[in-house]
Amino acid sequence: MKTELLQRWTVEQSAELYGIRSWGRGYFDIAPNGEVVVRPSRRPDAVAVSLMSIVAGLRDRGLSLPVLLRFEDILRSRIALLNESFQAAIREAGYRGVYRGVYPVKVNQQQQVIERIAEFGRPYHFGFEVGSKAELIAVLAYQDDPEALLVCNGYKDEEFVDLALYGLRMGLKPVLVLDMPEELELILDRSERMGVRPCLGVRCKLTTRGTGHWSESSGDRGMYGLTVSQIVDVVDRLRARGALDMLRMLHFHIGSQVPNIRTFQDACREAARIYIGLVQEGAPMGYFNVGGGLAVDYDGSHTNYSCSSNYTLQEYATDIVEWIASYMEESGIEHPIIVSESGRAIVAHHSVLLFNVLGVTRFERTPPPEQLPERAPEALGRLYEVWRSLNLKNLQESFHDAVYYRDEIRAQFDHGLTDLRCRALADRWFWAIMVRINELLADTKRVPEELRGISAALADVYHGNFSVFQSLPDVWAIDQVFPIMPIHRLDEYPSRLGTISDITCDCDGKITRFVDMQDISPVLRLHDPDGRDYILGVFLTGAYQETLGDLHNLFGDTNVANIRVSESGQVEYVREFDGDTVADVLSYVEYNPVELVERVRGKAEQAVRLGLISPQDRRQIMDAYESGLRGYTYFER
Ligand SMILES: Cc1ncc(COP(=O)(O)O)c(C=O)c1O
């Protein structure tokens, strides 16, 4: 059976197994030689480029794994797709306003990402959203399109407000969105002093709640924004100061990764009523900002599951345009400019983390003996019976019995009532039962909840050269699921089931949730190591991961390569960034590398004086120490 699979396995089966054609959205696929390829333009006639060949190119240039690849053309494609989807929806619906999207900087603040978004967004007057002073300071240097918006959310102090107003004076289009009512007086005072009249917005707290991890961002008791009564109060204060004409934008954000389109409908309806109310109060308004939340289909299932989305980008744009149009028309109000702050959907697809597998801890499957030994304790006899009588109809009962008798023998062993051999036999029968149950489960349609952990318990552990905490913090923090798969050997049957551990010494440094077409799987099908490099890719990692990552166990930033791929398959290594060196990460935690060298040199010299090492040894030790300081924090071959 296994040999047959080995011979018959095709790349088509790999594509189905890993779901690459669903979550890959045309950007990623598998070539007939079994390697993952990237095609940033998604045009079927464009030449696809193998990730393995990109890795080889990077290695030739001295950049080793782990490495984060950023495909600039995918970023371009995502920006075009978002803007063109809204433009198409606007044309189709005869909508009388335009779309002016902004990119929320918090989702990926890296300089090269911001620079490229400013460049690729220019044809669409695509702007930025900032949520802090630091983000504003970064964007002021890169935004130069007077038509594009600069939405200023977040808590604002005087410096923040002044900087935004300077942006206005330099010809930019900042909108200062009130996140707290107290910000109003500060903004009005600073604007008067500077002699400018900025656009203001209000972020409203909707009763509509998002779902999943970010649902706290919305709802009546949500942390951010103004309640309706606070908004009315803002209107009164603006009117009293003769500044109601500044109120131009209504903004809401119901949370990130909203998998169900219905949630947006409820939010838009509620926000539209508030918007209409503000127009009726005499505010000019003009901008309807639907915030972020546009979901990424990480598992490719196209459902309302939390790591998926039950709508396409085009459906999202079409629905938003149609809803807003219909609410405004009911009240005879002009169609506003539609603003969205989609971050995840813009940047997620463009980054891929690649790491090599350093080793595999295999699950040992030593079969138990056929016969029960003489004078075996009763519990061992019972366990043996469970093993012999196991079948598809008594899976759950056998599982319970096996756990019960295995634990009983362990307890007897702890009290000195059975010997070491008996305990070892109990373990062997127990695991033989688990292996058999797992095989039988493959033939059942619904795996009972309590048996779901068995496959993970039997799986091999693939040790990857990366840190979950540094490169995939959301896997650790919020159980985020990213598509993960080998980037080569996909024309071979992946005969092993594995989980992945990283190289931090932390029991949380692991991945045990994988994309599966039916559900989330605790194990991933992987290939038997064959002595050559085995490289895995974690896809759709461009959103939120880079700056949330931390230095656990002092594993620093990975190497990064910005790549461009032309339609003819030409690869341009645009920029490479060396990951942190050991000296870098040590200085982040307040060591001084020069002092470290001095201290070790002192120690080595003392060892020479004491006759423990020779001066030549000292030299060798110092060379190794200094080269370690200059080296990569990850495993180097
Ligand atoms: C105010 C605001 N806008 C936009 C976003 C981006 O959301 P997403 O990445 O889901 O598009 C966020 C992030 O949570 C946010 O807080």
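Numbering of ligands and ligand atoms starts at 1, following listing order. Reckoned from all heavy atoms, side chains included, excluding hydrogens, waters and symmetry mates. As the structure is a computational prediction, the values presented were derived from the model and not from experiment.
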(request) Look at ligand 1 and say whether Tyr224 reaches it with a heavy atom at a distance under 4.0 Å. (result) no

(request) Could you tell me the separation between the CZ atom of Arg564 and the CZ atom of Arg116, rounded to the nearest 0.5 Å? (result) 4.5 Å

(message) With a 4.5 Å cut-off on side-chain heavy atoms, are Ser22 and His302 touching?
(response) no

(request) Heavy-atom distances under 4.0 Å are what count here, so tell me which part of Ser256 touches ligand 1: side chain, backbone, both or neither. (result) both

(message) Would Leu294 count as a polar contact of ligand 1, with the cut-off being nitrogen or oxygen pairs under 3.5 Å?
(response) no

(message) Return the NE2 to CG distance between His552 and Asp508, rounded to the nearest 0.5 Å.
(response) 7.5 Å

(message) Checking the N or O distance criterion of under 3.5 Å, is ligand 1 in contact with Pro104?
(response) no

(message) Show the atoms of ligand 1 that are less than 4.0 angstrom away from any heavy atom in Ser342.
(response) 11 (O)

(message) Does any part of the side chain of Glu183, heavy atoms only, come nearer than 4.5 Å to the side chain of Leu176, both counted from C-beta?
(response) no

(message) Under a 4.0 angstrom heavy-atom cut-off, which atoms of ligand 1 come close to Val107?
(response) 9 (O)

(request) State the atoms of ligand 1, each with its element, that fall below the 4.0 Å cut-off from a heavy-atom position in Glu341. (result) 1 (C), 2 (C), 3 (N), 4 (C), 5 (C), 6 (C), 11 (O)

(message) Can you check which of Tyr103, Phe252, Tyr544 brings a heavy atom nearest to atom 6 (C) of ligand 1?
(response) Tyr544

(request) With heavy atoms only and a cut-off of under 4.0 Å, state how His253 meets ligand 1: side chain, backbone, both or neither. (result) side chain

(message) Under 6.0 Å between ring centres: does that hold for Tyr298 and Phe482?
(response) yes

(request) Kindly assign one of parallel, tilted or perpendicular to the pair Phe264 and Tyr316, based on the angle between their ring planes and the thresholds 30° and 60°. (result) perpendicular

(message) Just to be sure I read this right, does ligand 1 sit under 4.0 Å from the backbone of Gln257, its side chain, both, or neither, counting only heavy atoms?
(response) backbone

(message) For Arg241, is the CZ atom crowded, meaning more than 12 foreign heavy atoms sit under 6.0 Å from it?
(response) yes

(request) Decide whether an N or O pair under 3.5 Å exists between His251 and ligand 1. (result) no

(request) Could you verify whether a donor N or O on one side chain and an acceptor N or O on the other, from Ser256 and Arg344, lie under 3.5 Å apart? (result) yes

(request) Please work out which of the three classes, parallel, tilted or perpendicular, describes the rings of Phe86 and Tyr99, given edges at 30° and 60°. (result) parallel

(request) State plainly whether the residues Asp233 and Arg237 are in salt-bridge range, i.e. N to O under 4.0 Å. (result) yes

(message) So for Ala543, does at least one of its heavy atoms come nearer than 4.0 angstrom to any atom of ligand 1?
(response) no

(request) Please say whether Glu129 places an N or O atom under 3.5 Å from an N or O atom belonging to ligand 1. (result) no

(message) Here's a test for you: under side chain to side chain contact (heavy atoms under 4.5 Å, CB included), which of Thr499, Leu524, Ile500 qualifies with Thr512?
(response) Thr499

(message) Taking distance alone, with N or O pairs closer than 3.5 Å, would you say Arg203 contacts ligand 1?
(response) no

(request) Identify, by atom number and element, the atoms of ligand 1 in contact range of Gly343, meaning under 4.0 Å from any of its heavy atoms. (result) 8 (P), 9 (O), 11 (O)

(request) Give the numbers and elements of all ligand 1 atoms closer than 4.0 Å to a heavy atom of Gly292. (result) 4 (C), 7 (O), 11 (O)

(message) Arg344 versus ligand 1: do any nitrogen or oxygen atoms come within less than 3.5 Å of each other?
(response) yes

